[in-house]
Every structure is written in C-alpha cells, then in structure tokens.
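Notes to accompany the following structure.
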Amino acid sequence: MNLKFVEGIKADVTADIVYMMCPMHLLKLEEMMKTLEGGQVLQIMTDYDGALTDIPDWCEKTGNEFLGIEEAPDFYKFFVRKKGR
Amino acid sequence: MGARYFDYMATNPLRPEVLEAMLPFFKERYGNPLSLYELGQNARAAIEEARWKVAQLIGARPQEIIFTSSGAEANNFALKGLANAHTKKGKHIIVSKMEHHSILNPARALEKEGFAVTYLSVDKHGLVDPSALEKAITPETSLVSVIHASPEVGTIEPVKELAAIAKKNGSLFHTDCVASAGYLPLDVEDLGVDALSLSAHEFYGPKGAGALYLRGGTRIIPLIYGGIQESGRRAGTENIPAIVGMGKAAELTKAELPERARKLTEMRDRLIKGVLEKTENVYLTGPSPESGAERRLPGLASFCVEFIEGEAMLLMLIAKGIYAASGSACSSKALKASPVLLTMGISAQLAQGSIVFSLGMENTMEDVEYAIGEFPAAVKRLREISPYAGGWGKVKETDPCIPKN
C-alpha cells in the first residue's frame with residue numbers, strides 16, 4: 001500500500017461522500033473519474049476507513065495516479081489524478 | 001348510500017392513473033434496479049423518471065430526492081440524519097410544537113442522546129412567530145424543523161421567513177410538507193429550505209412511498225445502512241411500484257394544483273361557514289378563512305365543539321355515513337387531548353370536542369351540504385346525553401378560537 005500524506009493539492013473536482021459507507025467510495029470514484037479530463041485531479045472526501053486501502057488499490061489497478069491523502073479533523077481527503085495527457 | 005369521506009389528511013384514495021402506472025412493476029417489470037440486464041436497467045430507469053417527477057413538484061434537482069418508505073421515515077431521517085451529521089456546528093436543534101409525532105419523537109430521542117432541543121410555542125392560531133425563532137436560535141443550533149402546514153388545524157407556517165432566519169445563522173432548515181403537498185405550491189428555492197419531507201398517499205399516490213428532499217452538498221447520516229440504493233443514503237431494494245406511483249401522483253399534482261386549490265378552498269369555506277352558522281358553541285380552530293385565508297390549508301375545516309367528546313361525535317357521524325377525524329389519529333386513538341390544540345391555548349375540555357373535516361377531490365359540494373345538514377343534529381343529540389349536558393359555563397363569545405386558561 002503506497003499511502004502518503006500530502007498538503008495543499010488543488011483539485012479540479014471535489015466529491016463529498018462523508019458518512020457514506022462501502023462501496024460508495026469506489027462507485028463515486030469511478031463515476032467522477034469518468035467526468036474528468038486526463039490530467040485533472042479529483043478530491044474525494046470520505047470518513048470510510050476502508051478507502052485507505054481501496055482507493056490506492058483502485059488507482060493501481062486502473063492506472064490512475066494516486067497523489068495521496070490529507071487528513072481533516074473527521075474525514076480524509078483523497079487526491080487522484082486521471083491518467084492520460 | 002355509501003359513506004362520504006372527509007378524512008383526506010388520514011389518507012387519499014389512489015388515482016386510477018397512478019394504479020395503472022404501478023401495475024406493470026408488480027408483474028412483468030419486476031427487475032432489481034441494481035441488475036445489469038435489461039429487466040434491471042428498465043426498473044432503474046423507472047425510478048429515475050419518478051425521481052425527476054417528484055423533483056419537478058418541488059422545484060428541486062432529481063439527485064436531491066431520496067426515496068423513503070413514508071413521510072414518517074423522511075422526517076426521522078431529516079431529524080436524526082442531519083442533527084448527527086452536523087454536531088460540529090453544535091448539538092442544539094429547534095422544532096415547533098405544531099410538529100407531527102414523526103418529528104417530535106425523533107427530537108425526544110435526540111434529547112436522550114445528548115442534544116438540546118427547543119420546542120417553539122405558537123399563537124392561538126397555531127402560528128410560529130419568526131421572532132421566537134430569532135430568540136431561540138444560537139450559534140450551536142445545527143437544525144431547525146418547522147411543519148409547513150398542520151393537518152389538524154390547517155395552519156400554514158411562515159416557513160420562508162423561518163428558513164431565512166436559520167440560514168442567516170448557518171443552521172439547516174427542514175420542513176415537513178406531508179400535509180401541504182398537493183394543496184399548496186412547493187418550491188424549495190422559494191422556501192429556502194435545505195430539506196423537505198413528502199408522503200405519496202397524501203396526494204393520491206400509494207402508501208409505502210415517501211421522499212426526503214436534501215439540498216445538494218448537504219451531509220446526512222443514513223438511518224438504514226446496506227447497499228448503494230439512493231446513492232448510499234438509504235439502503236434496501238426499492239419499492240418500485242410505490243415509487244413509480246409516487247412519481248405519477250406528483251406529475252398529476254403538479255398539473256392539477258391550481259384547480260385542486262380552488263375547488264378545495266371553495267368547499268372548505270362553505271363547510272366552515274355552514275357549520276359555524278348552524279351549530280351552537282362550535283369554534284373554528286386555526287386561522288379564519290376570512291381574516292387569515294392565506295394562512296389556512298385548502299380543504300381543511302377544523303373545529304372544537306363544546307360539551308361533547310370527539311370520539312362520540314365521530315361515531316355519531318359514522319352512523320350518518322360521514323367519515324371525519326378528531327384531531328390527529330395518534331391522539332384520538334390514545335383518547336388524549338391533542339397536544340397541538342393544547343399548545344394553541346385551547347382548554348383540555350374544549351380540545352376533547354375536536355373534529356377535523358379534510359376534503360379532497362372526490363368530494364362534491366353536495367357532500368359538504370350533507371355534512372352541514374347532519375352535523376347540528378348529531379351535536380344536539382350528543383349534548384342531550386353528554387355528562388357536560390349542562391355545559392361547563394355559559395359561552396357567548398364566538399371568537400374563532402377561544403383559549404381557555
């Protein structure tokens with residue numbers, strides 16, 4: 001698992017799924033990534049702990065770039081850059 | 001002769017067009033919307049079409065509609081789901097004393113969980129005073145919930161003004177529109193609310209379907225966890241026939257609303273006038289159609305009859321083929337004076353004689369005249385055998401609502 005902490009990444013699109021449980025983090029990720037252009041960054045806000053492994057794994061499987069996470073007081077922000085370009 | 005139904009606040013008959021729309025989903029279109037094959041995807045499309053129609057009824061976007069099993073579930077979801085999701089703002093919520101039990105009871109449950117709850121008082125017509133909200137609201141108030149219209153006394157609350165106060169304070173605002181949907185135009189942008197509850201069977205749709213409007217971007221904690229239905233906010237395989245029916249009923253309601261309001265206001269006014277003229281010691285509850293027409297729900301005629309008891313009056317009327325109600329269903333079953341009437345300042349004795357006629361589109365003016373004709377005789381007969389036959393004091397005033405303290 002290549003979990004890394006980042007700061008100050010600017011996202012092009014944000015999805016807030018705080019309080020939603022598995023598998024909403026993966027469905028939302030997939031849904032939102034479809035709307036992004038190659039090279040754009042998606043931020044997903046979630047408090048679901050399973051996302052800590054699932055989102056980096058998903059990125060590895062799909063070839064998108066997992067930029068890292070930032071911790072907010074009661075949720076995580078995940079940053080993913082869409083592959084291409 | 002069949003009975004005449006004056007209890008549309010209890011429930012509505014299903015419109016034939018609504019039943020038609022629902023039937024295929026009990027039979028050949030039985031698919032699960034999560035299934036990938038056509039049978040499932042067709043069911044999914046039907047739900048999304050219904051979602052669009054319900055959104056249209058209240059001026060919302062389809063993704064802001066969460067289907068539930070009932071208005072009560074939508075109310076519980078709003079109270080618990082929003083209060084618990086916004087504790088960072090604070091653990092104080094405000095509701096009015098006019099609320100349905102599906103708001104009051106989750107509010108009490110939240111109190112047990114450590115929330116502070118303020119119950120806003122009302123005036124003799126059942127109106128919440130916006131200045132009372134201004135006084136009660138604090139920086140820690142995360143949520144305010146006030147009913148749009150009372151099914152018991154017909155009072156239409158100043159939701160727009162109240163929502164603006166909540167917004168200024170950074171608090172969320174929910175309104176229970178179960179009783180007002182189908183009678184009043186609803187627009188979430190105009191009202192300025194963050195959440196709004198609906199129930200299908202109160203506007204000629206089926207039982208078993210309700211909806212919570214939740215403004216886009218508002219966090220909520222689910223009541224029911226499980227699958228990804230309703231974007232993970234409300235799990236459980238959807239009640240597709242009922243949801244489709246709710247969509248159809250919303251579509252009809254949107255198209256017919258002006259005509260419904262016109263017809264039901266006319267019949268309401270005739271019924272109120274007739275009952276007050278022909279029966280002694282009867283008082284209107286809620287705003288008067290003359291001085292407060294814009295504050296009274298079309299189709300809702302509610303009274304307190306002195307010296308008798310509501311349940312006996314209902315039985316008497318049933319014998320005459322008149323189906324009405326006495327206060328809220330819950331309080332009449334518990335043979336308890338209605339908390340809504342008491343909070344309006346009506347005495348416990350007078351509140352016992354509560355009677356509510358709620359009219360709907362199947363009613364005719366002839367039904368109304370029949371009720372006006374039968375009602376005085378029923379009251380007279382009951383008073384003859386009532387333990388209060390001698391009255392509990394001479395009443396001369398005919399104020400539409402007499403608080404007796």
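Residue numbers start from 1 in every chain, and the chains themselves are labelled A, B, ... in the order their sequence lines are given, proteins ahead of strands. Note that these values count all heavy atoms, side chains included, but never hydrogens, waters or copies made by symmetry.
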Between B:Ser35 and B:Tyr37: side-chain donor-acceptor atoms closer than 3.5 Å: yes
Any donor-acceptor N/O pair, A:Asn64 side chain to A:Lys83 backbone, under 3.5 Å: yes
Residues B:Glu230 and B:Arg233 bridged, charged N to O under 4.0 Å: no
Contact listing (chain B partner; residues 7-15 of chain A; heavy atom under 4.5 Å): none
Heavy-atom pair count under 4.5 Å with chain A, highest-scoring of B:Gly227, B:Gly81, B:Ala85: B:Ala85
Inter-chain contacts: residues 74-81 of chain A against chain B, heavy atoms under 4.5 Å: A:Asp74, A:Phe75
Donor + acceptor pair across side chains of B:Glu202, B:Ser199 (<3.5 Å): no
Contact winner vs chain B - A:Leu27, A:Ile17, A:Asp16, heavy-atom pairs under 4.5 Å: A:Asp16
Cationic N near anionic O, under 4.0 Å, B:Glu111 to B:Arg108: no
Salt-bridge contact B:Arg234-B:Glu73 (side-chain N to carboxylate O under 4.0 Å): yes
From CA spacing to verdict: salt bridge (Lys or Arg N to Asp or Glu O under 4.0 Å), B:Arg44, B:Glu49: CA-CA 9 Å; B:Arg44 186 180 174 91; B:Glu49 188 186 331; over 6 Å; no
Among the listed options B:Ser231, B:Gly217, B:Pro222, B:Ala235, the residue most often paired with chain A at heavy-atom distances under 4.5 Å: B:Ser231
Side-chain donor or acceptor of B:Thr87 paired with backbone N/O of B:Gly90 under 3.5 Å: no
Flag, side chain of B:Thr175 to backbone of B:Leu196, donor-acceptor distance under 3.5 Å: no
NZ/NE/NH1/NH2 to OD/OE distance under 4.0 Å, B:Lys254 and B:Glu251: no
Short side-chain to backbone donor-acceptor contact, A:His25 and A:Leu52, under 3.5 Å: no
